[in-house]
Chemist: 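After the structure tokens below, expect a handful of questions from me.
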Amino acid sequence: MTTIPTGRPTLCTIDLAALRWNLRQVRAKVGAQVKILSMVKANGYGHGAPAVARVLAEEGSDGFGVATLEEGVELRQAGIGKPILVVAGTYVEQLDQFFENNLTPVVHDLESLRRLENAVQARGATMNVHLKIDTGMGRIGFLAAEIDFWLAELKKLRALQIDGMFSHFSTAENVAGDFTRAQLVTFSNQVQRLRAEGIAPPLVHLANSAATITLPAAYFDMVRPGIMLYGIYPSAAMANQIELKPVLSWQTRIVQLKKVPAGTSISYGQTFVTERESLIATLPVGYADGYSRLLSNRGAALVRGKRAPVAGRVCMDLTMLDVTAIANVQQGDEVVLLGRQGAAEISADEMAGWANTISYEVLTSIAARVPRIHHNS
Ligand SMILES: Cc1ncc(COP(=O)(O)O)c(C=O)c1O
């Protein structure tokens, strides 16, 4: 349990009991034989990677996925001992730190393969790597269609050992669709082909959260859930297939309350003008905290269990709400930006809809200056 900082009341609370619950749901889905690589990149999807990884490790996560070497080092420094895969690109310049921190890099093209092989060989060492195959994402990865070409190179490896092989789905929200099926078939064929040529990585993995929930055929040796660990469904249609609990909530308190006459403009650009005598609450949160400017005149927050609309433009550090319709509002009242207050709730998906984005971006955009308070409720 972290101590609640005094002063500026804008903070996120992270419910570690909900996080544990969500991991248990993943385990119940995939069974004891399939490993779980918990995705904790981007600071644990904004939840605070060290604290999240510690809890998930205790709950039986078999390893962790991060995007960058620096994220992996942060986890090692926090005492995480389980395998850590750095998924979003490998830079040979960082080889020393990969060794020092026992992190596993991904090779994703011939250039990264050759450079890493040569650098590791030059040290007289060996290194485990995972092979990334592009089966339809069109980002990093060996192109499945060019397997004849790169397979020949794999066979020449001396220093690098292929410990894993993986790909990534592009249509998470439509796991039953043709494109997803085609990616699964392509990936399975690549696995078969490698095995036939004597390369049998012990860790074959493909499933993100959506596939973990709905596509057991994609489990192979390990799944890589991300968003579901944080209590968010990859698509609303999956809500009846597994029970997840949101982990993060985001609160602040009213820093100033003012009664203004009709015709008063609020915030930059006069985009909101009161039509009646109004009660305007100012919140100490703004787009520099990750509260998107796209929520200007679109978003809402919870005050005394009711929704209050955002009035005018979200500023860098402050945002105004129209609380005229809510009884007994006081300066200092708690305001929930994301999460529950009484019976009311604002989900990351709802906020994402206001900002024309996805829950992932809402969560990972919450700025570092917003303290994360972890509790086991
Ligand atoms: C390579 C990789 N695997 C797994 C995931 C987890 O995906 P999700 O959060 O949809 O479960 C991600 C997330 O973007 C990813 O990039």
Side-chain angles (χ1 to χ4, degrees), residues 26-27 29-39 60-66 82-90 95 98-99 102-121 123-137 139-169 180-208 211-212 215-225:
V26 177
R27 178 58 75 201
K29 270 273 172 210
V30 304
Q33 304 308 316
V34 173
K35 289 193 156 83
I36 301 173
L37 186 89
S38 300
M39 298 304 290
S61 177
D62 299 285
F64 296 97
V66 295
K82 301 212 176 180
I84 298 177
L85 184 65
V86 180
V87 297
T90 298
L95 192 59
F98 269 100
F99 272 112
N102 189 23
L103 303 172
T104 308
V106 165
V107 289
H108 47 83
D109 65 356
L110 281 179
E111 179 69 14
S112 65
L113 181 82
R114 286 182 187 136
R115 291 190 69 199
L116 206 59
E117 167 72 10
N118 291 341
V120 176
Q121 247 188 44
R123 289 164 169 256
T126 59
M127 181 175 238
N128 279 343
V129 297
H130 284 218
L131 199 65
K132 177 81 188 272
I133 316 290
D134 179 3
T135 57
M137 264 299 279
R139 53 181 197 187
I140 58 172
F142 287 93
L143 271 175
E146 295 177 354
I147 186 166
D148 289 334
F149 189 54
W150 51 262
L151 187 54
E153 293 293 312
L154 288 188
K155 289 187 184 164
K156 295 185 201 153
L157 296 177
R158 294 288 169 270
L160 300 185
Q161 294 163 356
I162 313 288
D163 188 44
M165 168 177 184
F166 72 111
S167 190
H168 191 51
F169 284 125
T180 303
R181 298 273 162 187
Q183 281 193 272
L184 175 56
V185 169
T186 303
F187 184 65
S188 303
N189 289 342
Q190 304 267 303
V191 175
Q192 294 310 325
R193 177 76 195 279
L194 256 68
R195 284 186 182 144
E197 305 266 352
I199 301 170
L203 292 172
V204 174
H205 48 110
L206 175 61
N208 55 3
T212 300
L215 196 60
Y219 289 174
F220 297 94
D221 303 302
M222 185 160 82
V223 293
R224 296 191 315 272

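When a residue number appears, it is its place in the shown sequence, counting from 1.
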Chemist: Only counting residues at least two apart or in another chain, list the ones meeting ring pair (Phe, Tyr, Trp, His ring centres under 6.0 Å) with Tyr219.
Modeler: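 With sequence neighbours excluded, Tyr219 shows a ring pair (Phe, Tyr, Trp, His ring centres under 6.0 Å) to no residue whatsoever.
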Chemist: Are Asp62 and Met222 side-chain neighbours, meaning at least one heavy-atom pair lies under 4.5 Å?
Modeler: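 Asp62 does not reach Met222 side chain to side chain.
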Chemist: Arg195: what forms a side-chain contact (heavy atoms from CB on, under 4.5 Å) with it, not counting sequence neighbours?
Modeler: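 Listed in chain order: Val191, Gln192, Ala200, Val204.
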Chemist: Please list, chain by chain and in numerical order, all residues satisfying side-chain contact (heavy atoms from CB on, under 4.5 Å) with Ile147, sequence neighbours excluded.
Modeler: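 Once residues adjacent in sequence are excluded, the partners of Ile147 under the side-chain contact (heavy atoms from CB on, under 4.5 Å) criterion are Trp150, Leu151, Gln190, Arg193, Leu194.
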Chemist: Walk me through it: do Lys156 and Glu153 pass the test salt bridge (charged side-chain N to carboxylate O under 4.0 Å, His left out)?
Modeler: CA-CA 5 Å; Lys156 295 185 201 153; Glu153 293 293 312; 2.9 Å; yes
Chemist: Crowded around Lys35 NZ? As in, over 12 foreign heavy atoms under 6.0 Å?
Modeler: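 It does not: Lys35 NZ has 12 such atoms or fewer within range.
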Chemist: Could you work out, with salt bridge (charged side-chain N to carboxylate O under 4.0 Å, His left out) as the rule, every residue matching Asp134, not counting sequence neighbours?
Modeler: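 Checked Asp134 against salt bridge (charged side-chain N to carboxylate O under 4.0 Å, His left out); zero matches.
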Chemist: Tell me, please, which residues at least two apart from Glu111 pass side-chain contact (heavy atoms from CB on, under 4.5 Å).
Modeler: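 Testing Glu111 for side-chain contact (heavy atoms from CB on, under 4.5 Å), a comparison that skips the adjacent residues, returns Asp109, Arg115.
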Chemist: Can you name the residues that form a side-chain hydrogen bond (donor to acceptor under 3.5 Å, both in side chains) with Ser61, not counting sequence neighbours?
Modeler: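 Expected list: Ser38.
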Chemist: At what distance, to the nearest 0.5 angstrom, does CD of Gln121 lie from OG1 of Thr126?
Modeler: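 Here the interatomic distance stands at 11.0 Å.
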Chemist: With sequence neighbours left out, what residues match Val86 under side-chain contact (heavy atoms from CB on, under 4.5 Å)?
Modeler: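 Expected list: Val66, Phe98, Leu103.
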Chemist: Might you confirm whether atom CZ of Phe99 has over 12 heavy atoms from other residues, nucleotides or ligands at distances under 6.0 Å?
Modeler: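 Yes - once you tally the heavy atoms of other residues, nucleotides and ligands closer than 6.0 Å, there are more than 12.
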Chemist: Contact between Ile36 and Arg27 at the side-chain level, heavy atoms closer than 4.5 Å - yes or no?
Modeler: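 Side chain of Ile36 against side chain of Arg27, heavy atoms only: contact under 4.5 Å found.
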Chemist: Side chains of residues 161-169: which donor-acceptor partners sit under 3.5 Å, not counting sequence neighbours?
Modeler:
from, atom 1, to, atom 2, distance (Å)
Ser167, OG, Ile133, O, 2.7
Ser167, OG, Thr135, OG1, 2.7
His168, ND1, Arg224, NH2, 3.2

Chemist: Taking all non-hydrogen atoms of both residues into account, name the closest pair between His130 and Thr104 and its distance.
Modeler: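 In this case the closest contact between His130 and Thr104 is CD2-CG2, 3.7 Å.
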Chemist: How long is the span from the CG atom in Leu215 to the CD atom in Gln183, to the nearest 0.5 Å?
Modeler: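 Rounded to the nearest 0.5 Å, the CG-CD separation comes to 10.5 Å.
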Chemist: Is there a side-chain contact between Leu113 and Phe142, using heavy atoms and a 4.5 Å cut-off?
Modeler: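 Sidechains of Phe142 and Leu113: in contact.
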Chemist: Kindly give the heavy-atom pair with the smallest separation between Asn128 and Pro105, and that separation in Å.
Modeler: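 Minimum heavy-atom separation between Asn128 and Pro105: O-CD, 3.5 Å.
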Chemist: Going by side-chain hydrogen bond (donor to acceptor under 3.5 Å, both in side chains), name the residues that satisfy it together with Asp221, two or more places apart in sequence or in a different chain.
Modeler: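 Expected list: none.
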Chemist: Listed by chain and number, what are the ring pair (Phe, Tyr, Trp, His ring centres under 6.0 Å) partners of Phe64, not counting sequence neighbours?
Modeler: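 Ring pair (Phe, Tyr, Trp, His ring centres under 6.0 Å) check on Phe64 returns nothing, list empty.
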